[in-house]
**Student:** 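Pasting in a structure now, in structure tokens, and then I'll have a few things to ask.
Start at 1 with the first residue, then count along the sequence. Model, not experiment: these values are computed from the prediction. Counting starts at 1 for both ligands and their atoms, following the listed order.
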Amino acid sequence: MPTSCEYARLRSRMVAEQLVKRGICDSRLLDAMRSLPRHQFVPEEHKPRAYEDRPLPIGARQTISQPYIVAFMTENLRLQPQHKVLEIGTGSGYQTAILCHLAGYVYSIERISRLAKMAGERIGNLGYGNLDIHIGDGSQGLPDQAPFDRIMVTAAAPRLPDVLRAQLNPRGGQLILPIGDAPAQELQLITRAGGRFTTRSLLGCRFVPLIGRYGFDSQTDSASFVS
Ligand code: SAM
């Protein structure tokens with residue numbers, strides 16, 4: 001198993017080769033990804049591969065996203081320290097920890113309680129207190145805590161759920177989410193100005209399915225979504 005010094009070196013290389021070379025340039029984000037121990041968010045057997053340029057299994061047929069995708073989604077949200085953020089799909093908690101690092105307060109929803117519990121423990125151990133993890137169906141958002149300055153969905157929805165865009169701050173709130181069935185999904189960025197919503201297509205992508213009332217049904221097979 002690599003030592004903590006070796007992990008730090010792998011992390012620096014990940015930032016330089018996978019992120020900076022592909023155009024990620026937000027210095028606060030790069031600092032966060034240079035310092036957050038991604039290997040602590042993957043199962044023991046995958047730790048030596050935690051800084052590779054790929055998603056990895058985290059159990060329950062789910063994945064931790066590829067570092068570049070985490071960086072790309074985060075950079076496109078242009079987070080500010082005062083932002084209130086909703087994340088849907090806590091997964092390993094790695095992306096959640098980055099949101100906690102960059103934003104004011106983070107609500108995160110995960111439907112698989114075992115993953116939610118492990119993520120909460122990992123992020124708590126790193127000292128972040130600006131987080132509230134909920135177990136449940138994130139496709140419905142968190143209406144009691146709305147509006148949100150930013151919403152990030154880390155699982156693919158069949159279409160944009162109206163309930164989520166309604167939970168965006170009317171003054172420039174933004175939502176990023178993958179839309180579509182396997183294998184042709186598209187990452188979209190939605191911006192709200194009052195009652196107007198504009199959509200920008202950013203990238204082709206492959207995410208596990210968002211399972212829930214406004215997502216796919218529970219029989220959908222995650223394995224068919226991710227290569
Ligand atoms: N960003 C995460 C990370 O860094 O580990 C990866 C998230 S993984 C690609 C997607 C997660 O969304 C899975 O943990 C899955 O259980 C969760 N998920 C799927 N449907 C959901 C729903 N309706 N509500 C909440 N979480 C959901």
**Student:** So, does T90 sit close enough to ligand 1 that a heavy atom of it is under 4.0 Å from the ligand?
**Tutor:**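 It does; at least one heavy atom falls under 4.0 Å.
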**Student:** Answer with yes or no whether G136 contacts ligand 1, where contact means a heavy atom under 4.0 Å from a ligand atom.
**Tutor:** yes
**Student:** Would you check the N or O atoms of E87, main chain and side chain alike, for any that come under 3.5 Å of an N or O of ligand 1?
**Tutor:**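 Not met; the criterion fails.
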**Student:** Who's the nearest protein heavy-atom neighbour of atom 12 (O) of ligand 1, and how far?
**Tutor:** G89 CA, 3.2 Å
**Student:** If you draw a 6.0 Å radius around CZ in R13, do more than 12 non-hydrogen atoms from other residues or ligands fall strictly inside?
**Tutor:**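 No, the 6.0 Å shell around CZ holds no more than 12 heavy atoms from other groups.
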**Student:** Answer yes or no: is there an ion pair linking D53 with R22, defined by an N-O contact shorter than 4.0 Å?
**Tutor:**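 Yes, charged N to carboxylate O under 4.0 Å.
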**Student:** Closest non-hydrogen protein atom to atom 7 (C) of ligand 1, residue and atom name please, with distance?
**Tutor:**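 Nearest neighbour among protein heavy atoms for atom 7 (C) of ligand 1, to 0.1 Å: T154 OG1, 3.3 Å.
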**Student:** Which residue from A119, G212, G138 reaches closest to atom 24 (N) of ligand 1 through any of its heavy atoms?
**Tutor:** G138
**Student:** For ligand 1, which atoms sit closer than 4.0 Å to a heavy atom of Q95?
**Tutor:** 1 (N), 4 (O)
**Student:** Within a distance under 4.0 Å of any heavy atom of S92, pick out the atoms of ligand 1 and give their elements.
**Tutor:**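 So the answer, numbered in order with elements, is 3 (C), 4 (O), 5 (O).
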**Student:** Under 4.0 Å from a heavy atom of L115: which atoms of ligand 1 are those, numbered in the order shown and with their elements?
**Tutor:**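 Ligand 1 atoms under the 4.0 Å threshold to L115: 14 (O).
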**Student:** Mind checking the CG-CD spacing from D144 to Q167? Nearest 0.5 Å is all I need.
**Tutor:**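 The CD atom of Q167 is 9.0 Å from CG of D144, to the nearest 0.5 Å.
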**Student:** Does R38 use its side chain to pair, donor to acceptor, with the backbone of A50 at less than 3.5 Å?
**Tutor:**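 Checking the backbone N and O of A50 against the side chain of R38, a donor-acceptor pair under 3.5 Å is found.
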**Student:** If the cut-off is 4.0 Å to any non-hydrogen atom of I112, which atoms of ligand 1 fall inside it?
**Tutor:** 16 (O)
**Student:** Would you call R34 and D31 a salt bridge, taking side-chain N to carboxylate O under 4.0 Å as the test?
**Tutor:** yes
**Student:** Tell me: protein heavy atom nearest atom 16 (O) of ligand 1, and distance?
**Tutor:** E110 OE2, 2.6 Å
**Student:** Would you mind listing which atoms of ligand 1 come within a distance below 4.0 Å of any non-hydrogen atom of S139?
**Tutor:**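 Within the 4.0 Å cut-off of S139, ligand 1 contributes 23 (N).
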**Student:** Just verifying a value: how many Å separate R165 CZ and L177 CG, rounded to the nearest 0.5 Å?
**Tutor:** 12.0 Å
**Student:** Rounded at 0.5 Å granularity, tell me how far CD in Q185 sits from SG in C205.
**Tutor:** 5.0 Å
**Student:** Can you label the angle between the H101 ring and the Y128 ring as parallel, tilted or perpendicular, going by 30° and 60°?
**Tutor:** perpendicular
**Student:** What's the separation between atom CG in L99 and atom NE2 in H83, rounded to the nearest 0.5 Å?
**Tutor:** 12.0 Å
**Student:** Looking at every non-hydrogen atom in both residues, tell me the closest pair between G89 and T154 and how far apart they are.
**Tutor:** O-OG1, 2.7 Å
**Student:** What's the shortest distance from atom 20 (N) of ligand 1 to any protein heavy atom, and which residue and atom give it?
**Tutor:**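 Here the nearest protein heavy atom works out to I211 N, 2.9 Å.
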**Student:** Rounded to the nearest 0.5 Å, what separation is found between the CD atom of E87 and the OG1 atom of T96?
**Tutor:**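 The distance works out to 3.5 Å.
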**Student:** Using the ring of Y105 (Phe, Tyr or Trp, six-membered ring only), decide whether K84 places NZ or CZ under 6.0 Å from its centre and within 45 degrees of its axis.
**Tutor:** no
**Student:** With heavy atoms only and a cut-off of under 4.0 Å, state how I64 meets ligand 1: side chain, backbone, both or neither.
**Tutor:** both
**Student:** Below 4.0 angstrom from a heavy atom of I109, which ligand 1 atoms are there? Numbered from 1 as shown, please.
**Tutor:** 25 (C), 26 (N)
**Student:** Starting from atom 21 (C) of ligand 1, locate the nearest protein heavy atom and write down its residue, its atom name and how far away it is, to 0.1 Å.
**Tutor:**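 I find the closest protein heavy atom is R111 CD, 3.3 Å.
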**Student:** Give the residue, atom name and distance (to 0.1 Å) of the protein heavy atom nearest atom 15 (C) of ligand 1.
**Tutor:** Q62 OE1, 3.4 Å
**Student:** Any nitrogen or oxygen of F207 lying under 3.5 Å from a nitrogen or oxygen in ligand 1? Just yes or no.
**Tutor:** no
**Student:** Select the closest option to atom 19 (C) of ligand 1 among G215, P55, P209, P67, judged by heavy-atom distance.
**Tutor:**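 Ranked by closest heavy atom to atom 19 (C) of ligand 1, first place is P209.
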**Student:** Nearest protein heavy-atom contact for atom 8 (S) of ligand 1: which residue, which atom, what distance?
**Tutor:**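 I find the closest protein heavy atom is T63 O, 3.2 Å.
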